[in-house]
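We're numbering straight along the sequence, starting at 1.
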Amino acid sequence: MSISSEHKPLGKQVTGVLHTLSPIVELNVGGEMYTTTLSTLKKHPGSKLAEMFTGQPKLRTDSEGRFFIDRPGVYFKYILEYLRSNQVPTQCIQDVYKEALFYDIEPLIKQLEDSPQIFGELVARKQFLARVPNYSENIELMIRIARAEAVASRRSSVIVCVVRTEEDAARCQDALNSLDMDKKSVVKFGPWKAAPSISDLLDCIQMDVEAKGYKISFQPHVAEKGFRVKSHDFFYKFLFTWW
């Protein structure tokens, strides 16, 4: 069946003015092919996605004339389904949320932020970690220390001191001052003013390091000697396994 010229895929009409038409649009999103309408893509006028298809074309095309968007294509189907039917995805929530932020689709962003997965991450975990001084910097420091000690080794370890209160921080510092060993590899977290416990913070550290692609585990660190207090009160050994 032939297709009339006014309904040919938009990707092959790159020179046309987009806002005067309501055609079918062919997309190549990170190697995944999609077909939709211009009105669907422009459903939310203030979004970045709508802006891409407003006025003169702003996107490159692939060899077949499809408009190319250099984003993970597998998640675009959820974006498209929302634009078509207002259906909020229930799968791949974290990844779809990232794409919704990229395309700046505010209604979808707000609905995803109300989901348990995003709400828990943004409101509960992230707000807790914001109360832990230098948390992100300490994560990066742990990784640098572990990588520096990885030469010709299967595993490397990083000693972490975790303190929840100012009193514990003083005791931890006293313990560090009494060490008979090099203290440069000890990374200190805390104190903080929030409900989560030390074990909660340890879980967060493991979660965030693993999110960067590292294989990691932890256990209480018991020093052989040199501590004035019980080392397992504050100190933990994080093991990075390389192979």
Side-chain angles (χ1 to χ4, degrees), residues 7-11 13 18-62 64-132 135-136 139 194-196 200-201 203-214:
H7 291 95
K8 288 182 179 179
L10 182 59
Q13 301 177 13
L18 296 173
H19 70 278
T20 64
L21 305 173
S22 184
I24 295 171
V25 182
E26 289 187 357
L27 300 172
N28 177 345
V29 184
E32 299 286 336
M33 311 308 167
Y34 294 94
T35 302
T36 186
T37 64
L38 184 61
S39 60
T40 296
L41 296 171
K42 296 173 65 176
K43 184 174 182 178
H44 298 286
S47 69
K48 182 177 179 179
L49 183 62
E51 178 62 23
M52 291 177 181
F53 295 93
T54 300
Q56 294 293 336
K58 302 173 178 64
L59 297 170
R60 295 171 294 171
T61 58
D62 65 12
E64 297 297 322
R66 293 175 289 241
F67 286 108
F68 179 73
I69 302 176
D70 192 16
R71 295 294 295 180
V74 67
Y75 306 119
F76 189 74
K77 64 181 179 182
Y78 300 107
I79 300 293
L80 201 54
E81 185 60 33
Y82 176 78
L83 296 175
R84 288 169 172 163
S85 62
N86 290 323
Q87 180 177 330
V88 179
T90 57
Q91 302 177 28
C92 308
I93 301 297
Q94 297 281 358
D95 295 302
V96 176
Y97 179 67
K98 292 177 184 177
E99 296 309 297
L101 289 173
F102 174 79
Y103 294 114
D104 195 21
I105 304 173
E106 283 293 335
L108 178 57
I109 292 171
K110 291 179 180 178
Q111 290 184 70
L112 289 173
E113 287 179 348
D114 284 337
S115 69
Q117 298 93 323
I118 303 299
F119 180 87
E121 176 68 13
L122 294 181
V123 177
R125 201 176 84 90
K126 286 290 179 65
Q127 289 299 315
F128 159 52
L129 296 178
R131 290 165 169 76
V132 180
Y135 177 81
S136 296
I139 293 292
D200 293 326
L201 181 64
D203 288 339
C204 287
I205 294 171
Q206 182 174 12
M207 183 187 308
D208 290 329
V209 173
E210 287 180 340
K212 295 178 180 293
Y214 296 92

Peer 1: Nearest 0.5 angstrom please: E106 CD to I109 CD1, how far?
Peer 2: 4.5 Å
Peer 1: Spell out, as yes or no, whether a donor-acceptor pair under 3.5 Å connects the side chain of K43 to the backbone of L83.
Peer 2: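 Yes; judged by distance alone, with no hydrogens or angles, the pair exists.
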Peer 1: At what distance, to the nearest 0.5 angstrom, does CG of N28 lie from CG of D70?
Peer 2: 9.5 Å
Peer 1: If every non-hydrogen atom of A194 is compared with every non-hydrogen atom of R131, which pair is closest and at what distance?
Peer 2: CB-CD, 3.9 Å
Peer 1: Verify whether one side chain among E121 and Y97 offers a donor that lies under 3.5 Å from an acceptor in the other.
Peer 2: no
Peer 1: For residues Q94 and I118, determine if any side-chain heavy atom of one lies less than 4.5 Å from a side-chain heavy atom of the other.
Peer 2: yes
Peer 1: Looking only at non-hydrogen atoms, find the nearest pair between G31 and F68 and report the distance.
Peer 2: N-CE1, 4.5 Å
Peer 1: Do P72 and D95 make a side-chain contact, defined as non-hydrogen atoms from C-beta onward lying under 4.5 Å apart?
Peer 2: no
Peer 1: Between R84 and T35, what is the shortest heavy-atom contact and its length?
Peer 2: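 Answer, listing the atom of R84 first, then T35: NH2-O, 2.9 Å.
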Peer 1: Is the shortest heavy-atom distance from the side chain of M52 to the side chain of Y103 under 4.5 Å?
Peer 2: yes
Peer 1: Given side-chain contact (heavy atoms from CB on, under 4.5 Å), test F76 with I79 step by step and report yes or no.
Peer 2: CA-CA 5 Å; F76 189 74; I79 300 293; 4.2 Å; yes
Peer 1: With the side chain counted from C-beta on, respond yes when R71 and F102 share a heavy-atom pair under 4.5 Å apart, and no when they do not.
Peer 2: yes
Peer 1: When rounded to the nearest 0.5 angstrom, what distance separates CD1 in I24 from OG1 in T36?
Peer 2: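 Interatomic distance, I24 CD1 to T36 OG1, rounded to 0.5 Å: 9.5 Å.
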Peer 1: Where is the tightest heavy-atom contact between T37 and V25, given as atom of each residue plus distance?
Peer 2: C-CG2, 4.0 Å
Peer 1: Heavy atoms only: give me the nearest C92-Y78 pair and the separation to one decimal.
Peer 2: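 What the structure gives for the nearest pair is SG-OH, 4.0 Å.
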Peer 1: Is the charged tip of K77 near the ring of Y34: under 6.0 Å from the six-membered ring centre and within 45° of its axis?
Peer 2: no
Peer 1: So which heavy atom on K42 is nearest to which on T54, and how close?
Peer 2: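 What the structure gives for the nearest pair is CE-OG1, 3.7 Å.
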Peer 1: Checking L201 against Y135 for the side-chain contact (heavy atoms from CB on, under 4.5 Å) test, could you report, in this order, the C-alpha distance in whole Å, the side-chain angles of both residues, the deciding distance, and whether it holds?
Peer 2: CA-CA 10 Å; L201 181 64; Y135 177 81; 3.8 Å; yes
Peer 1: Between K212 and I139, is a side-chain contact (heavy atoms from CB on, under 4.5 Å) present by the stated rule, with each step listed?
Peer 2: CA-CA 10 Å; K212 295 178 180 293; I139 293 292; 3.9 Å; yes
Peer 1: Any chance the side chains of S85 and E81 put a donor and an acceptor closer than 3.5 Å?
Peer 2: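 Result is yes, a qualifying pair exists.
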Peer 1: Name the orientation class of the two ring planes belonging to F67 and F53 (parallel below 30°, tilted from 30 to 60°, perpendicular beyond 60°).
Peer 2: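 Rings of F67 and F53: perpendicular, over 60°.
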Peer 1: If you round to the nearest 0.5 Å, how far is CD1 of I205 from CD of E210?
Peer 2: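 Result: 12.0 Å between the selected atoms.
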Peer 1: Could you walk me through whether L27 and M33 pass the side-chain contact (heavy atoms from CB on, under 4.5 Å) test, one step at a time?
Peer 2: CA-CA 6 Å; L27 300 172; M33 311 308 167; over 6 Å; no
Peer 1: Given side chains that start at C-beta, do those of Y75 and P89 come closer than 4.5 Å, heavy atoms only?
Peer 2: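 With C-beta onward as the side chain, the pair stays apart.
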Peer 1: Are any non-hydrogen side-chain atoms of P116 and I93 less than 4.5 angstrom apart?
Peer 2: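 Result no, sub-4.5 Å side-chain heavy-atom pair not found.
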Peer 1: Please say which of D203, D200, D208 ends up in a salt bridge (charged side-chain N to carboxylate O under 4.0 Å, His left out) with R125.
Peer 2: D208
